[in-house]
Amino acid sequence: MPQELPAKRPEDGFRGAEGGVPAIKRKILLIGSRQAADEGESGEPLKNLILCGFMGSGKTTVGRLLAQRLGLRFADTDELIEEKEGRKITAIFEESGEDYFRAREREVCAELAQKSGLVVAAGGGALTFEENAAALGRTGVIAFLDVSPESVIERLKSDDTRPLLTGDREKSVRALLAARMPAYRRACHFAVNADNNPLQIAKEIIEKYESALKR
Ligand code: S3P
């Protein structure tokens, strides 16, 4: 049974076999509820933890949980685009088109790639673009939230904030998810099962993230 995830913005790495980003050697600080920091004990910048995956995979919900637990700050590319534009993602797509949105998304990814100590929830299409995946991948670890089409369909059944899911939703989820799968796998350092609930997903990411940082 797919686990329920809140629709969009509620309270809300190793690169797979394909490889590309160098292994990260340093440990993160597991500082729990302490104030979010962007430097580690030694003064080195903290690596970012970037979440990629399809719409409805739980990036935002899980990202907020992870930020809290790891003592990192949370950033969501869609929220940053909406703030800059002063309008919702649906309005941006409707009024200015997808290419315009992707250009704003690229800018936001480039800006985030200048920062450290972040958990980044990347919009579902963002890391399917090599340029964004490379820029963010250089700053830390990319986790892929691998979700089944069934979970996406269930979680987003009453959601109307995803402009790309028009028409026959089941068909478009299956087609787009399948088309993007190779890019997600290429972009990530490791994958987790995102059909689980947010707490389980966060736990699996922390385990894999920590073991990635030990290498
Ligand atoms: C998109 C996913 C959305 C948002 C936009 C496009 C995509 O983000 O960036 O609607 O191309 O998959 P979420 O993955 O947070 O829904």
Side-chain angles (χ1 to χ4, degrees), residues 2 4-12 49-67 74-112 118-133 135-136 142-149 151-188 191-192 194-195 198 201-202 205:
E4 283 284 337
L5 279 178
K8 173 62 182 170
R9 290 169 177 60
E11 187 348 54
D12 325 355
L49 171 57
I50 298 107
L51 309 182
C52 81
F54 203 71
M55 294 169 260
S57 59
K59 302 177 297 287
T60 303
T61 309
V62 173
R64 288 197 187 277
L65 276 173
L66 287 166
F74 177 72
D76 179 305
T77 59
D78 288 342
E79 282 176 10
L80 292 169
I81 296 166
E82 288 183 341
E83 267 170 34
K84 278 178 170 231
E85 287 286 311
R87 50 189 179 147
K88 295 281 175 199
I89 300 291
T90 39
I92 302 174
F93 269 77
E94 225 173 271
E95 296 160 9
S96 309
E98 182 172 354
D99 288 351
Y100 180 89
F101 170 79
R102 296 297 172 200
R104 304 290 78 74
E105 187 173 64
R106 216 162 31 246
E107 287 166 6
V108 162
C109 288
E111 285 164 19
L112 290 173
L118 294 177
V119 174
V120 176
L127 297 201
T128 63
F129 295 90
E130 188 98 33
E131 183 184 340
N132 298 335
L136 287 169
I142 302 181
F144 167 40
L145 280 67
D146 188 3
V147 70
S148 64
S151 292
V152 174
I153 291 156
E154 172 63 25
R155 289 171 185 175
L156 301 184
K157 64 180 178 231
S158 38
D159 178 273
D160 59 1
T161 66
R162 297 338 200 262
L164 290 182
L165 300 182
T166 48
D168 183 335
R169 181 162 284 215
E170 183 162 346
K171 228 170 138 179
S172 52
V173 166
R174 287 185 191 283
L176 194 55
L177 183 52
R180 286 180 169 178
M181 195 55 93
Y184 289 143
R185 293 219 166 268
R186 233 181 353 260
C188 77
V192 295
D195 289 333
I201 302 172
I205 291 177

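Counting convention: from 1, in listed order, for ligands and their atoms alike.
- With a 4.0 Å cut-off on non-hydrogen atoms, Leu164 touches ligand 1 through its side chain and not its backbone.
- Ligand 1 has Arg180 within reach: a non-hydrogen atom of the residue lies less than 4.0 Å from it.
- Contact of the Val62 side chain with the Leu66 side chain is registered, since non-hydrogen atoms from C-beta on lie closer than 4.5 Å.
- No side-chain N or O of Arg162 forms a donor-acceptor pair with one of Thr90 less than 3.5 Å apart.
- For ligand 1 and Ile89, the ligand atoms under 4.0 Å from any heavy atom of the residue are 5 (C), 10 (O).
- For the residue pair Tyr100 / Glu85, a side-chain donor-acceptor distance below 3.5 Å is found, with atom types taken as modelled.
- For Lys171, the salt bridge (Lys or Arg N to Asp or Glu O under 4.0 Å) test picks out no residue, with sequence neighbours left out.
- Atoms of ligand 1 found under 4.0 Å from any heavy atom of Arg162, numbered from 1 in the order shown, are 16 (O).
- Atoms of ligand 1 found under 4.0 Å from any heavy atom of Lys59 (numbered from 1 in listed order, with element): 13 (P), 14 (O), 15 (O).
- Here Arg185 pairs with Asp146 in a salt bridge; the nearest charged N to carboxylate O distance falls below 4.0 Å.
- Looking at Arg102 against ligand 1, only its side chain comes within 4.0 Å, counting heavy atoms.
- Each of the following atoms of ligand 1 lies closer than 4.0 Å to a heavy atom of Phe101: 5 (C), 9 (O).
- At distances below 3.5 Å, not a single donor-acceptor pair connects side-chain atoms of Glu82 with backbone N or O atoms of Lys88.
- Atoms of ligand 1 lying under 4.0 Å from at least one heavy atom of Asp78, given by number and element, are 3 (C), 4 (C), 8 (O), 9 (O), 13 (P), 15 (O).
- Residue contact annotation: Lys88 has no non-hydrogen atom under 4.0 Å from ligand 1.
- Looking at residues two or more places apart in sequence or on another chain, you find no salt bridge (Lys or Arg N to Asp or Glu O under 4.0 Å) involving Glu94.
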